Protein chains: 2
Amino acid sequence: MELAAAKLKFIEAWGKLGSEWGINRTMAQVHALLLISPEALTTEEIMEALSISRGNANMTLRDLIGWGLIEKQHKAGERKEYFFADKDVWNISRQVAKERKKRELEPVLKVLNELSTVVGDEKDPEFKTFKKSVSDINKLALNVDKTLETMLKAEESWFWGSVLKVFK
Amino acid sequence: MELAAAKLKFIEAWGKLGSEWGINRTMAQVHALLLISPEALTTEEIMEALSISRGNANMTLRDLIGWGLIEKQHKAGERKEYFFADKDVWNISRQVAKERKKRELEPVLKVLNELSTVVGDEKDPEFKTFKKSVSDINKLALNVDKTLETMLKAEESWFWGSVLKVFK
DNA sequence: ATAAACTTTCAATAATTATTGAAAGTTTAA
DNA sequence: TTAAACTTTCAATAATTATTGAAAGTTTAT
């Protein structure tokens, strides 16, 4: 396969995966583009490479910065802003985990906590089933939360290969 | 909090979480409803509880069966079909992991594999960066795949509490 | 056979989400 | 200052995704 075709395929696949996981397709594509680019790119170059508008490019780049996945760079003597992606897959994983934990897991934990204060008749099957399900999900969510916490604290990756030990 | 209010809140929260992770909001809500229901419910009851149409209920229930999260039940002497959700959180987790692995991870692994056959100039930074990123992501994806594989094989859950050991 | 009870389908429609593009805003150099 | 270079905003529009509801299909009992 040729490099040019491979790049397109990678960008497309990354965009599709993103959209399946609730991440804007264009955002995933811009990230993919920067991931395989050795140099930082300008907004113009990104617009051109992905055939997207200036407004879309600007908002998407801002979101990616908000996710901690890319950063702005400035070149001496130039007004233009350049964008560069961290290429370290471990950093990327941690960053995504960190953001989703904050944006999604924590709000859910809060709700589950409130729901565990529900009052009712201990003999009522409706009540018992509700409490049991909420409590079980709460336990799972707390475990996931603690695991992510540990993952975020890890400065380097023991990730490669060691994850397998979990279920031994 | 009252049980009725708590149920609504749980269904709403579950639906929101689902939609943030690329799962149809209604599907997540129907699953939530069945998760907290001690008895199997009919299509009519589900339509009524969530104010959704017959068509929507039917398709959503079919999808949930496709994800292996609920099953049909028949009661003696009745024509109606009843739907019941597995309440075991470990089973649910495994089932979701299994489906997403099959539907999303495996296709991505296939693409990454194809992309690793790219040919080009080893001195070209564009080529080098592409290969490095694809290769790193491939390694991560393979690890995730193997981890899920192990998780799926585990008959019971060592999950509770033990996940934390990964990053020790 | 037929009709009631129930389920499925799918074209039309609604709701949501993403994108555009031009105007407004900002920064820098002269 | 001012004007060119560049970035940001956001109302309008497009694209995508979800939902409806009525007709068609199926099964069962008689």
Side-chain angles (χ1 to χ4, degrees), chain A residues 11-12 14-34 40-67 69-84 100 103-104, chain B residues 11-12 14-34 40-67 69-84 100 103-104:
Chain A
I11 290 166
E12 193 194 346
W14 211 236
K16 180 150 177 284
L17 187 66
S19 71
E20 286 166 341
W21 284 82
I23 284 148
N24 181 302
R25 163 183 251 86
T26 301
M27 181 168 144
Q29 288 182 334
V30 170
H31 187 224
L33 176 65
L34 291 173
L41 302 179
T42 63
T43 302
E44 294 284 347
E45 288 169 329
I46 292 163
M47 287 164 60
E48 157 80 12
L50 301 177
S51 304
I52 62 174
S53 71
R54 184 173 301 285
N56 196 2
N58 184 272
M59 288 183 142
T60 297
L61 288 165
R62 188 207 286 156
D63 281 354
L64 280 168
I65 290 170
W67 277 78
L69 296 175
I70 68 173
E71 56 184 36
K72 282 188 185 175
Q73 279 187 356
H74 292 276
K75 297 204 179 177
E78 292 211 40
R79 298 250 332 245
K80 281 199 287 284
E81 292 177 332
Y82 286 79
F83 298 91
F84 185 78
R100 297 206 89 149
R103 298 173 193 212
E104 293 147 19
Chain B
I11 289 166
E12 193 195 345
W14 211 236
K16 182 152 177 283
L17 187 66
S19 71
E20 286 166 342
W21 285 81
I23 283 149
N24 181 302
R25 162 183 253 87
T26 301
M27 182 169 143
Q29 289 183 334
V30 171
H31 187 222
L33 176 65
L34 291 174
L41 301 179
T42 62
T43 302
E44 295 283 346
E45 289 168 327
I46 293 163
M47 289 165 59
E48 156 80 11
L50 302 176
S51 304
I52 62 175
S53 72
R54 183 172 304 283
N56 195 4
N58 184 269
M59 287 183 142
T60 297
L61 288 166
R62 189 208 287 156
D63 281 353
L64 279 169
I65 289 170
W67 277 79
L69 296 175
I70 69 172
E71 56 185 34
K72 283 188 185 174
Q73 281 188 355
H74 291 276
K75 300 205 179 178
E78 290 209 42
R79 296 247 339 241
K80 280 199 286 286
E81 291 178 332
Y82 287 77
F83 298 91
F84 185 79
R100 297 206 89 149
R103 298 174 191 209
E104 294 148 17

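Values in this document were obtained by computation on a predicted structure and should not be read as measured data. Within every chain, numbering begins at 1; the chains are lettered A, B, ... in the order of the sequence lines, protein sequences first and strands thereafter.
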Given atom [atom1] of [X] and atom [atom2] of [N], what is their separation to the nearest angstrom?
| X | N | atom1 | atom2 | value |
| --- | --- | --- | --- | --- |
| B/Q73 | C/dT7 | CD | C1' | 18 Å |
| A/E78 | C/dT27 | CD | P | 19 Å |
| A/E20 | C/dT17 | CD | P | 18 Å |
| A/D63 | D/dT8 | CG | P | 12 Å |
| A/K80 | C/dT28 | NZ | P | 15 Å |
| A/H74 | D/dC6 | NE2 | P | 13 Å |
| A/M59 | C/dT17 | CE | P | 15 Å |
| A/K72 | C/dT27 | NZ | P | 11 Å |

Output all residues satisfying side chain to side chain contact (heavy atoms under 4.5 Å, CB included) with [X], sequence neighbours left out; order by chain, then residue number.
| X | value |
| --- | --- |
| A/R103 | A/W67, A/E99 |
| B/A57 | B/T43, B/M47, B/I52 |
| B/T42 | B/E44, B/E45, B/K80, B/Y82 |

Distance in Å, B/I11 CD1 paired with B/L33 CG, rounded so as to fall on 0.5 Å steps: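 One gets 4.5 Å once the value is rounded to the nearest 0.5 Å.
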Residue pair A/I46 / A/L34, side-chain heavy-atom distance below 4.5 Å: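 Of all side-chain heavy-atom pairs linking A/L34 with A/I46, at least one is under 4.5 Å.
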Contact check, side chains of A/E81 and A/Q73, non-hydrogen atoms, under 4.5 Å: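 They are not in contact (no side-chain heavy atoms under 4.5 Å apart), so the answer is no.
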Closest contact, heavy atoms only, B/W14 versus B/A28: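 For B/W14 versus B/A28, the nearest heavy atoms are CD1-O, 3.3 Å.
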Shortest non-hydrogen contact between A/H31 and A/L69, atoms and distance: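 Heavy-atom minimum between the residues: NE2-CB, 4.0 Å.
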Heavy-atom neighbours of B/E12 CD exceed 12 at 6.0 Å: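 Not buried by this count: 12 neighbours or fewer within 6.0 Å.
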Identified stems (criterion: three or more consecutive Watson-Crick or G-U pairs, under 3.5 Å), DNA chain C: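 Listed by first number, the stems are C:1-30 with D:1-30.
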Sequence-aligned protein contact record of nucleotides 23-30 of chain D, with B where the base is within under 4.0 Å of a protein heavy atom and S where only the sugar-phosphate is: ----BB--
Of all residues at least two apart in sequence or in a different chain, which pass the salt bridge (charged side-chain N to carboxylate O under 4.0 Å, His left out) check with [X]?
| X | value |
| --- | --- |
| B/E48 | none |
| B/K75 | none |
| B/E71 | none |

Less than 3.5 Å apart, which donor and acceptor atoms pair up between the side chains of residues 16-24 of chain B and the rest of the protein, not counting sequence neighbours?
{"from": "B/K16", "atom 1": "NZ", "to": "B/E20", "atom 2": "OE2", "distance (Å)": "3.4"}
{"from": "B/S19", "atom 1": "OG", "to": "B/K16", "atom 2": "O", "distance (Å)": "2.9"}
{"from": "B/S19", "atom 1": "OG", "to": "B/R25", "atom 2": "NH1", "distance (Å)": "3.4"}
{"from": "B/W21", "atom 1": "NE1", "to": "A/E104", "atom 2": "OE1", "distance (Å)": "3.0"}
{"from": "B/N24", "atom 1": "OD1", "to": "B/T26", "atom 2": "N", "distance (Å)": "2.7"}
{"from": "B/N24", "atom 1": "OD1", "to": "B/M27", "atom 2": "N", "distance (Å)": "3.2"}

Interface residues of residues 40-53 of chain B with DNA chain D (non-hydrogen, below 4.0 angstrom):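 Only B/S51, B/I52, B/S53 qualify.
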All side chain to side chain donor-acceptor pair (under 3.5 Å) counterparts of A/N56, not counting sequence neighbours: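 In terms of side chain to side chain donor-acceptor pair (under 3.5 Å), with neighbours along the sequence ignored, A/N56 is linked to A/T60.
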Contacting residues from residues 22-34 of chain A, given that a heavy atom lies under 4.0 angstrom of DNA chain C: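 The stretch gives A/N24, A/T26 as the residues lying under 4.0 Å from the strand, ordered by number.
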Given DNA chain D, 5'-ward residue of the pair A/E81 and A/N56, judged by closest heavy atom: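 Residue closer to the 5' terminus by nearest nucleotide: A/E81.
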